[in-house]
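Taking it in order: structure first as structure tokens, then the write-up.
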Protein chains: 2
Amino acid sequence: MAGKANGRKARNGGGEITMSDIARHAGVSPMTVSRALSDPPSVSEKMRRKVDAAVRQFGYLPNRIAGSLSSKRTNVVGLVVPSIRNSLYAAMVQAISDVARANGLHLMIANSGHRLEDEEALVSALLAQRVCGLVLHNTAHSRRLRELLARTDIPVVETGNLPAKPIDMAVSYSNFDAARAMTGHLGRLGYKRIGFVTLPLRDNDRSRERRRGYFAALKELGLPADPGLVMEAPGGFAEGADALVRLVQTHPDIDACFFAGDVLAVGALFECQRRGWAVPGRIAIASFDDLDLLRHTVPTVTTLRIPRQDIGRRSAELLVNRLRGASRQKVRIDVGFEIVQREST
Amino acid sequence: MAGKANGRKARNGGGEITMSDIARHAGVSPMTVSRALSDPPSVSEKMRRKVDAAVRQFGYLPNRIAGSLSSKRTNVVGLVVPSIRNSLYAAMVQAISDVARANGLHLMIANSGHRLEDEEALVSALLAQRVCGLVLHNTAHSRRLRELLARTDIPVVETGNLPAKPIDMAVSYSNFDAARAMTGHLGRLGYKRIGFVTLPLRDNDRSRERRRGYFAALKELGLPADPGLVMEAPGGFAEGADALVRLVQTHPDIDACFFAGDVLAVGALFECQRRGWAVPGRIAIASFDDLDLLRHTVPTVTTLRIPRQDIGRRSAELLVNRLRGASRQKVRIDVGFEIVQREST
DNA sequence: CTGTTAGCGCGTTCAC
DNA sequence: GTGAACGCGCTAACAG
């Protein structure tokens, strides 16, 4: 009864301190310790004090692995983003993290690198960890991932784009509408030859939707759709600069360029500074996503404000509500966007 | 034996599919399923095929919670950063994530918001989740956190600064040395009145070390230490611009300014563009941390290159080696830094 | 409000 | 190479 000498592999020098240890030293049952820790009001003042004292004395940290196995619930939310480095995702992740923390949840983050197979593998791994909810920054999943998610009953929030038919819940803006709106905006400002620089299209429905929006707006504006005015570029300052230069050289009559990625736009703007091309005099520049940077450059850059932080916050709130028992119904929230007209157009 | 009707709260509509289920359907023992999944070579070809078939048929996902409880090990690494949004941390996190993933580990990320009490609470929570290792982007911990970490025997990597006496392992550069080197560099370029703009000093040993380095260099250069040339500013473009303007107005003879944060420096540079102050003609600008942005602005900005990605990679590698059985000895790796001289100085 | 009993789903250990 | 027994540390469910 005293202490079954835990023979060999005593890595910790004696095994973990358990709830029973605390219970024994506090002179109560393990169950009372459990309750005192997870639901203090359900235990009498006297008991609680004894437990707290023993907990402090031993520096006891409950084992949530054991707790999770027993209760069949974890307090861990899984999150898959295309890239951790990108500041756009970072704003969303931060918001999710804040809401999660306020509700006693933890975050397990993985990045898919824009690869659908990786997304699938990562979600599997997160499900194996029995996360209590998932946020996926992608809506174009592999077939196997769809099947996997269909079989699970944890809440799932998709974001990054507005899917026609969400798996469970979706919080996003429409990439199509946003790109169409900005292109239309440029048209109404009087620009006639509007270039479009897109991020890689492969495995990325968001990029494809943006391009579709661009062409839709051109049609609505009665402007010709010239495939030569569209360029695909990996994200980066240099790539944006490069794309702009090539567009201007091949299409000297270009008078505006819409970049489907903020870094691309800024790179292009700097290139204009270097070459002495007036912005918007020689060429107007519009961007996608309201990086803080864009309102401080010279000139400031017209862009689309996507409420990334709201997306994160609302996604997390949806998860939390579900975990608190909200009924399971499909949700599809369009957070919208906003055109921010600045000096560059 | 067939199936103990699992009465009431069948949330999943019948309870989880377990290893026993798979074993039964594959006609083997649960132990064989376990081995086939975690160490395939230890099982005969025939058994493995039967198990694999059943696993696929049922879409079985092993419960890592149960596995972790049983084996007393998790494959989850805990990570605490001051802020998820900041791109500096993002580069490090990405590198850690990559190494972790390559080694079958997952990441649980929390952000302390630069608050030491929060760091303490978050580490406690991560330890309760029984993470197998920790990376902390901070070296100035609360006393209670130090005690907590002293009692644990999981590997801990500290980063963000080079502590004199690491808790366990440390991978970083020296903020003091870096700031001293850049200030010295400016002095040797001939600048005589060098301003210094620091990020908030509270609860941030990194900021304080940088300021110390600045003053040490001034002394070595034989320049007077003028407290009026030092300003504290929260991070941000506008704040950097503001700080510069105030320094120039109160000290018209200032000829260079060293910003201990990249965003501050860029904000100041843009302000110079707006005001038509030549950089470095009127005032030279130096920054801290080699944001991609800094090599694309006009003019490009002199800065300190900190190998953030290496820091992440090596931190993760140290953890992995420990988990693989490397002996427990203190490690203190100085990854160094590099001065990148560009057009702004 | 408190205690008792009985697992949670797996891996360790030892026998075969 | 395979299986049976046992327990990881905690909480759900019920009884008092």
Side-chain angles (χ1 to χ4, degrees), chain A residues 3-12 14-24 26-51 55 58 60-75 127-130 132, chain B residues 1 3-12 14-24 26-51 55 58 60-75 127-130:
Chain A
K4 2 154 66 166
N6 65 329
R8 51 228 96 190
K9 56 174 326 190
R11 277 227 276 254
N12 303 7
E16 193 172 329
I17 294 169
T18 71
M19 213 166 239
S20 302
D21 296 330
I22 301 303
R24 187 156 8 94
V28 302
S29 79
M31 207 45 229
T32 298
V33 177
S34 176
R35 288 194 267 250
L37 258 33
S38 57
D39 184 22
S42 71
V43 148
S44 70
E45 176 71 22
K46 202 176 67 180
M47 291 288 186
R48 194 166 48 222
R49 286 160 52 88
K50 287 200 285 191
V51 170
V55 164
F58 291 90
Y60 170 66
L61 267 182
N63 185 331
R64 292 233 85 270
I65 298 290
S68 295
L69 179 61
S70 177
S71 66
K72 301 180 169 215
R73 311 179 253 99
T74 64
N75 57 351
L127 290 177
Q129 304 280 355
R130 297 301 188 263
C132 63
Chain B
M1 178 165 278
K4 0 153 69 163
N6 66 327
R8 49 229 98 190
K9 56 173 324 191
R11 276 227 274 257
N12 303 8
E16 193 171 328
I17 294 171
T18 72
M19 212 167 240
S20 303
D21 296 330
I22 301 302
R24 188 155 8 91
V28 302
S29 78
M31 213 35 239
T32 298
V33 177
S34 176
R35 286 195 268 250
L37 258 33
S38 58
D39 184 21
S42 73
V43 148
S44 70
E45 175 72 22
K46 202 175 67 180
M47 292 287 186
R48 193 166 48 224
R49 287 160 51 89
K50 287 199 284 189
V51 170
V55 165
F58 291 90
Y60 170 66
L61 267 181
N63 185 331
R64 293 233 85 272
I65 298 289
S68 295
L69 178 61
S70 178
S71 67
K72 301 180 169 215
R73 305 179 257 99
T74 65
N75 56 352
L127 290 176
Q129 303 280 357
R130 297 302 188 263

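We use all heavy atoms of the structure for the numbers below, so side chains are in, but hydrogens, waters and symmetry mates are not. Chain identifiers are assigned alphabetically (A, B, ...) following the order of the sequence lines, protein sequences preceding nucleic acid strands; residue numbering begins at 1 within each chain.
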Residue A/Ser44, side-chain heavy atoms: nucleotide from C/dG9, C/dG11, C/dC1 that is nearest: C/dC1
Counting distance only, does the side-chain N/O of A/Ser34 pair as donor-acceptor with the main-chain N or O of A/Pro30 below 3.5 Å? no
If you take atom types as modelled and just measure distance, does the side chain of B/Ser70 reach the base of D/dG7 with a donor-acceptor pair under 3.5 Å? yes
Between D/dC8 (P) and B/Arg73 (CZ): distance, integer Å: 16 Å
Using atom CG of A/Leu69 as one end and atom C1' of D/dC8 as the other, report the distance to the nearest whole Å. 9 Å
Using whole Å, what does the distance between atom C1' of nucleotide C/dC10 and atom CD1 of B/Ile22 come to? 14 Å
Whole Å only: how far is the CG atom of B/Asp39 from the C1' atom of C/dC10? 16 Å
Looking at D/dC10, I'd like to know if its phosphate oxygens (OP1 or OP2) sit under 4.0 Å from a side-chain N or O belonging to A/Ser68. no
Side-chain (B/Ser70) to main-chain (B/Ala66) donor-acceptor, under 3.5 angstrom: no
Atom-to-atom span, CE of B/Met19 to C1' of C/dG7 - whole angstrom: 18 Å
Taking the minimum atom-to-atom distance to the side chain of A/Met31, which one of D/dC10, D/dG9, C/dT4 wins? C/dT4
Between atom CD1 in B/Ile65 and atom P in C/dG7, what is the gap in whole Å? 21 Å
Atom CZ of B/Arg24 and atom P of C/dG9: how far apart are they, to the nearest Å? 12 Å
Let's test your reading of the model: under 3.5 Å, does the base of C/dG3 pair with the side chain of A/Arg35 as donor and acceptor? yes
Are the side chain of A/Arg48 and the backbone of A/Pro40 linked by a donor-acceptor contact shorter than 3.5 Å? yes
For the side chain of A/Ser71, starting at C-beta, report the closest nucleotide among D/dG3, D/dA12, C/dG3. D/dA12
Where do A/Leu61 and B/Ala128 come nearest, in terms of heavy atoms and distance? CD1-N, 4.3 Å
Heavy-atom nearest nucleotide on DNA chain C taken for A/Pro41 and for B/Asn63; more 5' hit belongs to A/Pro41
If you look at every strand shown and take non-hydrogen atoms under 4.0 Å, does A/Pro30 touch a base, only sugar-phosphate, or nothing? nothing
Tell me whether the side-chain N/O atoms of B/Ser34 come closer than 4.0 Å to OP1 or OP2 in C/dG11. yes
Are any of the side-chain nitrogens in B/Arg130 or A/Glu16 under 4.0 Å away from the carboxylate oxygens of its partner? yes
Rounding to an integer number of Å, can you tell me how far B/Arg64 CZ sits from C/dC8 C1'? 16 Å
Does OP1 or OP2 of D/dG9 have a side-chain N or O of B/Lys72 closer than 4.0 Å? yes
Please confirm whether the shortest side-chain N or O distance from A/Tyr60 to OP1 or OP2 of D/dG9 is below 4.0 Å. no
